[in-house]
Amino acid sequence: MNDRLMREQWESENLSEFAMHSADSSGRFVEEEQCELRTIYQRDRDRILHSKAFRRLKHKTQVFLAPAGDHYRTRLTHTLEVSQIARTIGRALRLNEDLIEAIALGHDLGHTPFGHCGELVLDKLNPEGFKHNEYSLFIVDYIEKHKGSGGLNLSMEVRDGILNHTGDKLPMTLEGQVVKIADRIAYLNHDIDDSIRAGILSESDLPSECVEVLGKTHGDRIETMITDIVDHSEGKNIISRGEKIAKYSDLLRDFMFEAVYHNPEAKYEENKAKTLLKMLYYYYKDHPDKMVKEYRELNTSELNKVTYYIAGMTDRYALKKFKEYYLPSSWGID
């Protein structure tokens, strides 16, 4: 028996009845010969991990633009924290950790430079709209390459989890639902941590009732939320939260929107980033020949090509191209 078959046998004997077993996957769009060592979800995880889009996440903003410090989250560290939280929940519920990890690592591949403000700008500029989760799926389906061909040819379950990690629709698997809720746990708590580091918040600013229920520290709050989900999801075919913890988690999230996400002090650089992205959009709209060949040849509208090209940029690459196109080289601005 090869290693993959042994792993599939282990899943059938040990995973929850509500877990997605690798052997029961709906498969890929293009059928492939099975790997002797890895299950279908392990292969998906590896394809995502080795993709260029995944590597670019380390230079994409999470919340704070160009922070003056080494310890602020980037889109990559956010992704890793989501993966860790989701796997902890999944392990406790005896779900498929390989599927969870693949979805978690791929869920934000389509995020723009400069955080959510970049997504808002591109969504407004493009008449067809722009959503980072939809673009994440487009990346794995068409832009990234597997064995020289377009797309990573991921399994249906991983693709579904990536697409539906945000929005009103639930993923088809419990593993996808776990990533969806882990994403919220991760960004809520690490954004508090980063906001305190940036001096936007202090510990005493956090709503006292939320601190009392959820915990005083970053780790305590995450543990409370994870434990609550496990307690209320065990033996069920849906991932759930308890009423009390959900209430105070949502109150804390509302506080963060008011105090940080919509705080002019926390977002004072965003207007500059928005202007930069707008100018790049109009530049590439007028000069599509300046985009790299793989984006010029995408099977989509011309405006989507421009939007996708900019969305794939890191913060620093977008800034580099802006300087190249709009600032005189004689100025010598680094």
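Here the structure is a predicted model, which means the values were calculated and not measured.
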Compare every heavy atom of Leu137 with every heavy atom of Ile162, then report the nearest pair and how far apart it is. CG2-N, 4.1 Å

In Å and rounded to the nearest 0.5 Å, what is the CZ to OH distance from Phe322 to Tyr283? 12.5 Å

Which heavy atom in Val82 sits nearest to a heavy atom in Ala182, and how many Å separate them? O-CB, 3.9 Å

Which heavy atom of Leu280 sits nearest a heavy atom of Ala318, and at what distance? CD1-O, 3.6 Å

Is it the case that atom CZ in Arg316 sees more than 12 heavy atoms from other parts of the structure closer than 6.0 Å? no

Side-chain heavy-atom pair His78, Lys60 within 4.5 angstrom cut-off: no

Over all atoms of both residues, closest heavy-atom pair of Leu15 and Trp10: CD2-CZ3, 3.9 Å

Are Arg47 and Glu144 within salt-bridge range, i.e. N to O under 4.0 Å? no

Answer yes if the side chains of Thr173 and Glu157 hold a donor-acceptor pair under 3.5 Å, and no otherwise. no

In sequence, state the C-alpha distance, the side-chain angles, and the governing distance for Gln42 and Asp98, and then conclude on side chain to side chain donor-acceptor pair (under 3.5 Å). CA-CA 6 Å; Gln42 290 173 332; Asp98 294 322; 3.2 Å; yes

Taking only residues two or more places apart in sequence, or in another chain, which ones meet Lys58 in a salt bridge (charged side-chain N to carboxylate O under 4.0 Å, His left out)? none

Determine whether a donor-acceptor pair (N or O, by modelled atom type, separation under 3.5 Å) exists between the side chain of Asn153 and the backbone of Val30. yes

Apply salt bridge (charged side-chain N to carboxylate O under 4.0 Å, His left out) to the pair Arg38 and Asp46, showing each step before the final yes or no. CA-CA 10 Å; Arg38 297 167 297 166; Asp46 294 348; 2.9 Å; yes

So which heavy atom on Ala53 is nearest to which on Leu109, and how close? C-CD2, 3.9 Å

With ring centroids as reference points, do His116 and His111 lie under 6.0 angstrom apart? yes

Side chains of Thr79 and Asp108, donor plus acceptor under 3.5 Å: no

Treating Arg221 as the side-chain partner and Gly215 as the backbone partner, does any N or O pair qualify as donor plus acceptor under 3.5 Å? yes

For the residue pair Glu8 / Ser22, report whether a side-chain donor-acceptor contact shorter than 3.5 Å exists. no

Could you pull out the closest heavy-atom pair between Met225 and Ser249, with the gap in Å? CE-OG, 3.6 Å

Apply side chain to side chain donor-acceptor pair (under 3.5 Å) to Asn164 and Asn133, showing your working. CA-CA 7 Å; Asn164 294 309; Asn133 55 316; 5.7 Å; no

Step-by-step side chain to side chain donor-acceptor pair (under 3.5 Å) determination, Glu128 to Ser301: CA-CA 9 Å; Glu128 299 180 44; Ser301 70; 2.6 Å; yes

Donor on one side chain, acceptor on other, Asn126 and Tyr281, under 3.5 Å: no

Is the distance between the ring centroids of Tyr325 and Tyr284 under 6.0 Å? yes

Tell me every residue that passes salt bridge (charged side-chain N to carboxylate O under 4.0 Å, His left out) with Glu234, counting only those two or more places apart in sequence or in another chain. none

Can you establish whether the number of heavy atoms outside Lys285 located under 6.0 Å from its atom NZ is more than 12? no

Exactly one of Arg184, Gln177, His132 clears side chain to side chain donor-acceptor pair (under 3.5 Å) with His165, and that residue is His132

Would Tyr248 and Arg253 count as having a side-chain donor-acceptor pair, cut-off 3.5 Å? no

Under a 4.5 Å side-chain heavy-atom rule over Ile, Leu, Val, Met, Phe, Trp and Tyr, are Ile103 and Leu170 clustered together? no

What residue among Met20, Glu101, Glu11 forms side-chain contact (heavy atoms from CB on, under 4.5 Å) with Tyr41? Met20

If you draw a 6.0 Å radius around CG in Asn299, do more than 12 non-hydrogen atoms from other residues or ligands fall strictly inside? no

Heavy-atom side-chain proximity of Thr300 to Lys305 below 4.5 angstrom: yes

Ser155 meets the side chain to side chain donor-acceptor pair (under 3.5 Å) criterion, sequence neighbours left out, with Asp44

Is the side chain of Asp228 donor-acceptor paired with the backbone N or O of Arg241 at a distance under 3.5 Å, no angle test? no

